[in-house]
Participant: 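I have a structure here, written as structure tokens, and I will follow up with some questions on it.
The first residue in the sequence is number 1, and the count goes up from there. Ligands are counted one by one from 1 in listed order, and the atoms in each one are counted from 1 as well.
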Amino acid sequence: MAGKRDYYEVLGVSKDANDKELKKAFRSLARKYHPDKNSDPGADEKFKEIQEAFAILSDSDKRSQYDRFGHSGPGMGGGFSGFDIRYEDLFGSGLEDIFSSFFGGGGRSSRTRQSRGRSILVRKKIPFQMAFEGGSEEVTVDTFLPCEKCSGTGGAKPDDVDICATCRGQGQVTQTRQVGPFVQQTSGICPSCNGRGKTIINPCKSCRGDGRIKKKQTIRFNVPPGVDTGMRLRMRGKGHVSEHGGVAGDLEIELKLEQHPWFERDGSELLMSLPVGFPDLMLGKTLEIPHIDGKPLKLKIPPNSLAGHTLNITGRGLPTGRGRRGDVIILLKLHMPKKTDKGVKSKVESLRTELSISESDLENAILDEAKDRRS
Ligand SMILES: [Zn+2]
Ligand SMILES: [Zn+2]
């Protein structure tokens with residue numbers, strides 16, 4: 001397949017690298033490009049590329065096929081969508097689980113299924129400016145965290161946690177029943193331990209055996225440019241931890257963008273109205289207003305402009321996400337002074353004939369207007 005990098009090159013290992021070297025290379029690259037830690041454009045693709053290379057090279061059958069046929073070999077290619085890897089799993093004990101799924105083992109069913117904690121949803125108001133340049137914000141949430149006293153086990157002492165006798169630590173029980181000529185097997189969560197595989201003999205005083213304690217937590221998060229109201233940012237593993245040291249759920253942050261003093265937003269486009277006096281519409285004018293990107297926005301009203309017309313300033317709106325920016329669209333409105341003294345009125349009166357439509361031209365003017373509208 002053209003354009004695809006060599007798997008050994010991707011992981012930066014030699015052709016005869018052993019499992020240990022592969023794991024080491026994978027681990028360090030995966031930490032570097034994990035989407036939770038690396039928001040660079042392209043990091044996501046890189047992360048997938050690393051996983052794909054590792055998935056192939058860590059499987060001895062696939063690896064020998066790749067060595068012989070390269071990317072065009074049987075079983076190669078096809079859409080690789082990447083694995084669901086948590087950043088925390090790249091450290092400590094979670095790692096073995098990822099690798100066992102990579103190796104296609106799957107045979108280790110004796111492992112108790114870990115329950116996953118609930119996710120948290122919070123809403124956060126952010127300044128409009130963040131839609132342009134992104135930034136960093138924080139939320140404070142009450143989160144169930146592992147109890148520090150018992151390290152989340154729920155037992156007063158390590159000995160106080162025992163393997164569940166009912167399910168022998170499996171977390172599941174299988175029942176076999178004879179139904180007529182058939183043997184029916186049903187399996188379900190163990191009722192004695194609720195699927196945890198463990199029972200607590202003497203519960204921890206601090207968490208009363210729950211293994212978790214609710215605490216206020218302040219969490220900083222990055223807001224990418226281009227965000228809008230209703231968008232949700234997901235932080236993996238920042239939600240509640242489940243009872244007895246399971247896997248933590250996610251924290252979801254729903255953003256609400258504060259209003260800009262004068263812009264309305266339509267995707268990456270910024271819309272505003274500009275009141276302009278009649279002389280400026282007729283003779284034209286250039287003016288400047290402060291703008292979100294720090295450079296003044298130059299508004300050039302051409303001579304003979306009409307109220308209701310729009311000015312389009314390209315590339316000065318919000319980021320589109322592909323390295324470009326939307327436009328600023330300005331609606332011209334006729335400004336009428338609230339108070340005018342007699343002197344001004346008489347000056348305008350003297351220009352009335354020149355600036356108005358004569359009665360004889362009126363019908364034609366109305367017809368032209370209708371044609372414009374209908375075209
Ligand atoms: Zn505890
Ligand atoms: Zn049990």
Participant: Could you tell me whether R5 and E49 have a side-chain N and a carboxylate O separated by less than 4.0 Å?
Facilitator: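 Salt bridge present between R5 and E49.
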
Participant: Counting no waters, what protein N/O/S atoms lie under 2.8 Å from the Zn ion (ligand 2)?
Facilitator: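 Protein N/O/S atoms under 2.8 Å of the Zn ion (ligand 2): C164 SG, C167 SG, C190 SG, C193 SG.
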
Participant: Taking atom CG of L251 and atom CD1 of I219, what is their separation to the nearest 0.5 Å?
Facilitator: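 Answer for the CG-CD1 pair, L251 versus I219, is 5.0 Å.
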
Participant: Just say parallel, tilted or perpendicular for the rings of H260 and F263, cut-offs at 30° and 60°.
Facilitator: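 Ring orientation of H260 relative to F263: tilted.
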
Participant: Taking the Zn ion (ligand 1) as the vertex, what is the angle from SG of C207 to SG of C204, given to 10 degrees?
Facilitator: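 Vertex at the Zn ion (ligand 1): approximately 100°.
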
Participant: With a 4.5 Å limit on heavy-atom distance, are the side chains of C150 and C207 in contact?
Facilitator: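 A side-chain contact exists here, since the closest heavy-atom pair is under 4.5 Å.
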
Participant: Salt bridge check, K125 against E258: does any charged N sit closer than 4.0 Å to a carboxylate O?
Facilitator: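 No salt bridge links E258 with K125.
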
Participant: Are the charged groups of D228 and R265 less than 4.0 angstrom apart, N to O?
Facilitator: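 R265 and D228: salt-bridged.
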
